[in-house]
Structure formats: C-alpha cells, structure tokens
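Presented below is the structure to which this report refers.
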Amino acid sequence: MTPPPASDLLAWYDRHRRELPWRGLQGQLDPYRVWLSEVMLQQTTVAAVGPRYARFLARFPDVGALARAGWDEVAEEWAGLGYYARARNLHAGAKALASRNCFPDTVEGLREIPGIGPYTAAAVAAIAFGVPVVPTDGNVERVAARVHAEAAPLPGAKRKLDALAQRWMEQEAARARPGDFAQALFDLGATICTPRRPACALCPWREGCAARLQGIQEELPRKAPKPARPVRHGVHFLVEDPAGRMLVRRRPERGLLGGMLEVPGTPWRDKVWTRAEALDLAPLPALRWAALPGEARHGFTHFELRMTLLRAAFPGEPPEGCAWMEPAAARAAMPTVMRRLLSLRSP
C-alpha cells in the first residue's frame, strides 16, 4: 500500500501543532531537553509532565548539572512521577555524556549511552539532530495499524508496525523535516487518531487510511489478552519520635524503586503476612505496634500491591540504615506508592 502523503501531515501539523514547553524550531533544539522530555513522557501524560519538566530543568539545566548531582537530589526531584528506573537511567546517561563532553548525533551513537533505548535514541536523533528516522511509540503504532489495517495484535506486531512507519520517512517531505514529521505523528495519535473514537473526519490522512475505508478503525490496533496481574502484600512500619519526625530508609540501589526513600517494611510477596512474620522484620521489633485501619493499594506494571501499616513511637537514635525525617519533607521525596501508604496515617 502506498504510504500516505507526508506533506499532508506536515501541513496539518503546521496549523494544529500542540504548544509544548520542550518544543522549538527544528535545528534549534537542545538535545538534553529533548532527551529529558522523552524520558519523562514515557508512561506519563503530557499534562503531568509539563510543570515537572520545567521544575527539573530549573534544578538541572544541562547535562553537566545533572551529572554532578547526587542521586538523592535526582530522586527527590523525580518523586511522584513514577517508573523510577527512568530517573536512574537518565542520571547514568548524564554521567556518561558528561565524560564524553559531547552529545552523539546518530541513533547508533545515542544507543551507546546507558539507559537510552531504541525509541528514545530515534526520538532524540530525529527531533534534535534531523536524522530521518521515525520514533515509534504507542501513538505511532496506533496510526500505523490503522493506516495499513494491520490486524496482527500487539505486542507481537510491534516490529511490523515499526517497519511500516519507517517507510513513511522515505518521502522527500518527511526527510526534509524529520523532527517535525516525528512530532506531527505524535500529535496525530494524541489528538486525532486516539485509542477510542478517532476523529477521522479531521484527519489529514483519512483518504489513505485502510482501516477507515474498511470501517474497522476503532478495532485497531488489536491487543493480545493480558494475564491477570498477581497481587503482592507488604507490611510497613511507621515509627515516630517525640518531635513528630518519622523513620525512613532508602531502598537498595538495584531493583524496583531503587534508591528511593520508603517507610521501612517487609518485602512484597504473594502470601499475606501474619503479624508475627512481619514483626520479625520490623526495624525495632520490640516496640508496641498498633495496626492502623485500612489498606493502601498501588498498581505496578506487573503486579498489584496491597499494604498495611503498623505504628509505634520511639524516642531514641534511629537504627542502622534508617534516619529521622520531617513528615512533609519525607512525603515530598517519596514515590507515589509510599504516599498512598502514608494516607493511612491518622492526623
């Protein structure tokens, strides 16, 4: 099937492009800012990223500033955005870039930086450096599935959809403006070719869309059934001193929420914890622990977490690996899952 005209999409983009804080004129974009925006936008909405992007840039305005920062600072600034491995990869990548003293301007060069995968490398290369490549995210996959009426379900169809999208860049109009073309695809998927009820009447590619011609646009892309997410359980320990400070600790560097602050607790496991089992793992097991009512829940990608909270007072020095912290400061530096847990805390 002949690819839809890139010129039509670009003409539409020139009229209707979203005004976003990380956008600028092609050829005048800072690759660091493009990279940061792409990392933040993974698994997070544009509305949520906007103010956090500006705040992050104010604290870490360039690669060097981010590379020089300690992980505690980066984790604090990322708190609440979720998917914290992104922040770790961003920090590691900044250190690698600072040591090189330059930003690679090819997909292959970008892939050599720790934490930069195929999509991010393509996005930075296209938007910041004008490399003629299509960054294939979920929006672009959806557009490709509909334009070409590709019925194979995701995630198995990812390679085929990417190959179809790359063909669009073979057109002269797209190759002349690869960064704008990539962002036009993002905007098309986000505002017109939406997951539900796509606005086909407003689409610049409607005449060449095979799914629309067949009347199956709302059925695509198809997705393979997802298995039910398993449930894991945890018990956490809220310890407070006479000054109202709470006990916190930092999670191990590697693994889920690596390096983030937490309320000390048990590991998260499939089986419900008994009180006796949980107290064996308390930071101060001999304290008088009171169970707070309720249960906090949080959905991770591969499992659902259910947590309960035990509370106790302690006037002494914090145990090894823990520290006292003001509750407001602790909450601000903690990931969303811990904030949900602390919502069980009575006033």
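In this chain, numbering begins with 1 at the start of the sequence shown.
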Side chain to side chain contact (heavy atoms under 4.5 Å, CB included) between Val263 and Leu342: does it pass, once the steps are laid out?
CA-CA 8 Å; Val263 179; Leu342 287 173; 3.8 Å; yes
Between Met246 and Val248, is the side chain to side chain contact (heavy atoms under 4.5 Å, CB included) condition met? List the steps.
CA-CA 6 Å; Met246 60 185 289; Val248 299; 4.3 Å; yes
Intermediate values then yes/no, ring-ring contact (aromatic ring centres under 6.0 Å, His included), Phe300 and His302:
CA-CA 6 Å; Phe300 289 99; His302 300 297; 9.9 Å; no
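Residues satisfying the side chain to side chain contact (heavy atoms under 4.5 Å, CB included) test with Glu112, not counting sequence neighbours, are Arg100. Under the salt bridge (charged side-chain N to carboxylate O under 4.0 Å, His left out) criterion, Arg331 pairs with no residue, sequence neighbours left out. Qualifying side-chain hydrogen bond (donor to acceptor under 3.5 Å, both in side chains) partners for Asn139, counting only residues two or more places apart in sequence or in other chains: Arg142. A search for side chain to side chain contact (heavy atoms under 4.5 Å, CB included) contacts involving Ala157 returns Ala152, Leu154, Leu161, not counting sequence neighbours. Arg249 pairs by the side-chain hydrogen bond (donor to acceptor under 3.5 Å, both in side chains) definition with Glu262, not counting sequence neighbours. Every residue meeting the side chain to side chain contact (heavy atoms under 4.5 Å, CB included) condition with Thr301, not counting sequence neighbours, appears here in chain and number order: Tyr83. Residues passing the salt bridge (charged side-chain N to carboxylate O under 4.0 Å, His left out) test with Glu141, sequence neighbours excluded: Lys158. Taking Trp268 as the reference, His236 meet the side-chain hydrogen bond (donor to acceptor under 3.5 Å, both in side chains) condition, with sequence neighbours excluded.
Heavy atoms only, all atoms of each residue included: Ala165 and Val140 are closest at CB-CG1, 3.9 Å. Closest non-hydrogen pair, Phe186 versus Pro135, comes out as CE2-O, 3.6 Å. Closest of all the heavy-atom pairs between Thr308 and Leu341 is O-CD1, 4.1 Å. Of all heavy-atom pairs spanning Ala6 and Gln171, the tightest one is N-OE1, 2.9 Å. The two residues Ala121 and Arg111 come nearest to each other via the heavy atoms CB-CD, 3.7 Å. Annotation for Ala333 and Met260: closest pair O-CE, 4.1 Å, computed over non-hydrogen atoms.
Contact check for Phe103 versus Val124: side-chain heavy atoms found under the 4.5 Å cut-off. For the pair Trp324/Val239, a side-chain contact is recorded, criterion being any heavy-atom separation below 4.5 Å from C-beta on. With contacts defined as side-chain heavy-atom distances shorter than 4.5 Å, the pair His233/Val231 qualifies. For the pair Asp72 and Arg250, the minimum side-chain heavy-atom distance is below 4.5 Å. In this structure, Leu310 and Val235 have side chains that are in contact, with non-hydrogen atoms separated by less than 4.5 Å. Contact annotation: the side chain of Arg59 approaches that of Glu76 to within less than 4.5 Å [non-hydrogen atoms, C-beta and beyond]. No side-chain heavy atom of Pro315 sits under 4.5 Å from any side-chain heavy atom of Asp241. When side chains are defined from C-beta on, Leu185 counts as touching Leu9, because their heavy atoms get closer than 4.5 Å.
If you check the side chains of Gln42 and Tyr119, you find no donor sitting under 3.5 Å from an acceptor. Remark: the Asp187 side chain and the Gln183 side chain contain no N/O donor-acceptor pair separated by less than 3.5 Å. Between Thr44 and Arg52, the side chains place no donor N or O within less than 3.5 Å of an acceptor N or O (distance only, hydrogens not considered).
Side chain of Arg339 to backbone of Met334: a donor-acceptor contact under 3.5 angstrom is found. With hydrogens and angles disregarded, no donor-acceptor distance shorter than 3.5 Å links the side chain of Thr120 to the backbone of Gly117. Looking at Glu304, its side chain never comes within 3.5 Å of a backbone N or O of Gly299 through a donor-acceptor pair. Counting only distance, with no hydrogens or angles, the side chain of Arg86 and the backbone of Leu81 share a donor-acceptor pair below 3.5 Å. Checked by atom type and distance alone, the side chain of Glu73 pairs as donor or acceptor with a backbone atom of Gly70 at under 3.5 Å. No donor-acceptor pair closer than 3.5 Å links the side chain of Thr194 to the backbone N or O of Thr191. When atom types are taken as modelled, the side chain of Trp78 and the backbone of Gly82 share a donor-acceptor pair closer than 3.5 angstrom. Side-chain N or O atoms of Arg146 include one that pairs as donor or acceptor with a backbone N or O of Leu220 at under 3.5 Å.
Phe129 and Ile113 end up in the same hydrophobic cluster when Ile, Leu, Val, Met, Phe, Trp and Tyr side chains are linked at under 4.5 Å. Under the 4.5 Å side-chain contact rule for hydrophobic residues, Leu344 and Leu287 do not share a cluster. Connection of Phe303 to Leu257 is established within a shared hydrophobic cluster, with ILVMFWY side chains joined at heavy-atom distances below 4.5 Å, either directly or through further cluster members. When hydrophobic clusters are built by joining Ile, Leu, Val, Met, Phe, Trp and Tyr residues whose side-chain heavy atoms come closer than 4.5 Å, directly or via intermediates, Leu309 is not grouped with Leu247. One hydrophobic cluster holds both Leu202 and Val147 under the rule that ILVMFWY side chains link at heavy-atom gaps under 4.5 Å.
Two rings, from Tyr53 and Phe56, have their centers 6.0 Å or more apart.
A salt bridge links Glu253 with Arg88: the closest approach of a Lys/Arg side-chain nitrogen to an acidic carboxylate oxygen falls below 4.0 angstrom. The pair Arg245-Glu326 fails the salt-bridge criterion, with no side-chain N (NZ, NE, NH1 or NH2) lying under 4.0 Å from an Asp/Glu carboxylate O. Between Arg177 and Asp14 a salt bridge is recorded (basic side-chain N to carboxylate O distance below 4.0 Å). Of the charged side-chain nitrogens involved, at least one lies within less than 4.0 Å of a carboxylate oxygen, so that Arg345 and Glu240 count as a salt-bridged pair.
Classified by interplanar angle (parallel below 30°, tilted 30° to 60°, perpendicular above 60°), the ring pair Trp35/Tyr32 is perpendicular.
A ring pair (Phe, Tyr, Trp, His ring centres under 6.0 Å) check over residues 194-228, counting only residues at least two apart or in different chains, returns the pairs Trp168-Trp205. Screening residues 275-289 for salt bridge (Lys or Arg N to Asp or Glu O under 4.0 Å), with sequence neighbours left out, gives Arg269-Glu277. Screening residues 221-231 for salt bridge (Lys or Arg N to Asp or Glu O under 4.0 Å), with sequence neighbours left out, gives Glu219-Arg222.
With Trp22 as the fixed residue, the side-chain contact (heavy atoms from CB on, under 4.5 Å) test singles out one of Leu36, Leu41, Leu29: Leu41.
Counted within 6.0 Å of CD on Glu172, heavy atoms from surrounding residues, nucleotides or ligands total 12 or fewer; the atom is thus considered open.
A cation-pi arrangement is not found for Arg311 relative to Trp289, the charged atom failing to lie both closer than 6.0 Å to the ring centre and inside a 45° cone about the ring normal.
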Could you go through residues 206-213 and list every donor-acceptor pair under 3.5 Å that involves a side-chain atom there, pairing it with any protein atom two or more places apart or in another chain?
residue : atom : partner : partner atom : Å
Arg206  : NH1  : Cys203  : O            : 2.7
Arg212  : NE   : Arg206  : O            : 2.7
Arg212  : NH2  : Arg206  : O            : 3.1

